[in-house]
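Scroll down for the structure; my scribbles are underneath it.
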Amino acid sequence: MSERSRNILLVASLALNVFIAGGVIGGGYIWHTFGHSWATENRRGVRFAAEYLTPEQQKTLRQNLSAARKDNIPLADAGRASRTEIARLLAQDVIDPAAVNAELTKAREADFALRTRIEQTIVSFAESLSPEDRKALIDGLKKRNIIIRQTPAKKE
C-alpha cells in the first residue's frame, strides 16, 4: 500500500470516527436534556393508562383487557375482513357505492362493538377500585385520551 493510499484511508477513517462520535455525543445530550420521558409519554393504549395504579392493579387490568380481547377476536377479525373487502372494492375499475357503504357499515359496527366491550371492561375494573385509585385511573385515561378526552387549551 502506498503512502498516498494510507493517508486517504486514515482521513476516511478519521472522518467516520468523528461522525460516529458526534452521533453518540448528540444522542447522549438529547437523552440527558430531555430524559427518557418521551418514551413513556408517547405510550398509547389502555394498559398504560393504569400507570398511576399499584403493580397488582395494573396486572389485573392487563389480564382483564387481555381476556376481553381474546373473547372478541371474531369482532376484530370481522372489522379487519370488512376493511380488506373495502380496499378490494375500491380497487375495482367500477366502484359499487352501495357495496362499499355496506362494508363500511359492517366495519364500523364491528369496531364499535369491540370498543364498547373494551370500555365495559374498563368500567368493570374501575368499579373495583377505591375512589383515590379511580381518580388515578381517570388521570391516566385523560393523559392518554382514552374514553375521556382532554379539553384542548384555549388560545388567547
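Residue indices begin at 1 and follow the sequence shown.
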For residues Gly79 and Ala110, report the shortest heavy-atom separation together with the two atoms involved. N-CB, 3.7 Å

Check this for me: does any side-chain nitrogen of one of Lys106 and Glu103 sit under 4.0 Å from a carboxylate oxygen of the other? yes

Please write out which residues are connected to Leu90 in a hydrophobic cluster, directly or through intermediates, given that two of Ile, Leu, Val, Met, Phe, Trp, Tyr count as joined at side-chain heavy-atom separations below 4.5 angstrom. Ile86, Leu89, Ile95, Val100, Leu104

Got a second to check how far Tyr52's OH is from Asp139's CG, nearest 0.5 Å? 7.0 Å

About how many Å separate CD1 of Ile122 and CZ of Arg117, when rounded to the nearest 0.5 Å? 15.0 Å

Apart from Ile8 itself, what residues make up its hydrophobic cluster, given side-chain heavy atom links below 4.5 Å? none

Gap between atom OG of Ser128 and atom CZ of Arg134 - 0.5 Å precision: 9.0 Å

Check whether more than 12 heavy atoms from other residues, nucleotides or ligands sit under 6.0 Å from atom CZ of Arg4, and answer yes or no. no

Could you tell me whether Arg88 and Glu85 make a salt bridge, using a distance below 4.0 angstrom between a side-chain N and a carboxylate O? yes

Starting from Leu129, can I reach Leu61 by hopping between I/L/V/M/F/W/Y residues whose side chains sit under 4.5 Å apart? yes

Between Leu53 and Phe125, is the side-chain contact (heavy atoms from CB on, under 4.5 Å) condition met? List the steps. CA-CA 12 Å; Leu53 299 176; Phe125 173 74; 3.8 Å; yes

Ser13 side chain to Leu9 backbone, donor-acceptor under 3.5 Å: no

What are the two closest heavy atoms between Ala76 and Leu114, and how far apart are they? CB-CD2, 4.1 Å

Going by atom types only, do Ser5 and Ser2 share a side-chain donor-acceptor pair under 3.5 Å? yes

Between OG1 on residue Thr121 and CG on residue Asn72, distance to nearest 0.5 Å: 7.5 Å

Scan residues 63-80 for pairs that pass salt bridge (charged side-chain N to carboxylate O under 4.0 Å, His left out), counting only residues two or more places apart or in two chains. Asp77-Arg80

Heavy-atom closest pair, residues Leu137 and Ala126: CD2-CB, 4.0 Å

Give, for atom CZ of Arg62 and atom OG1 of Thr60, the distance between the pair rounded to the nearest 0.5 Å. 9.0 Å

I would like to know whether Thr54 and Gln57 meet side-chain contact (heavy atoms from CB on, under 4.5 Å); could you show each step before the answer? CA-CA 5 Å; Thr54 65; Gln57 291 169 329; 3.2 Å; yes

Can you find a heavy atom in the side chain of Asp111 that is under 4.5 Å from one in the side chain of Arg83? yes

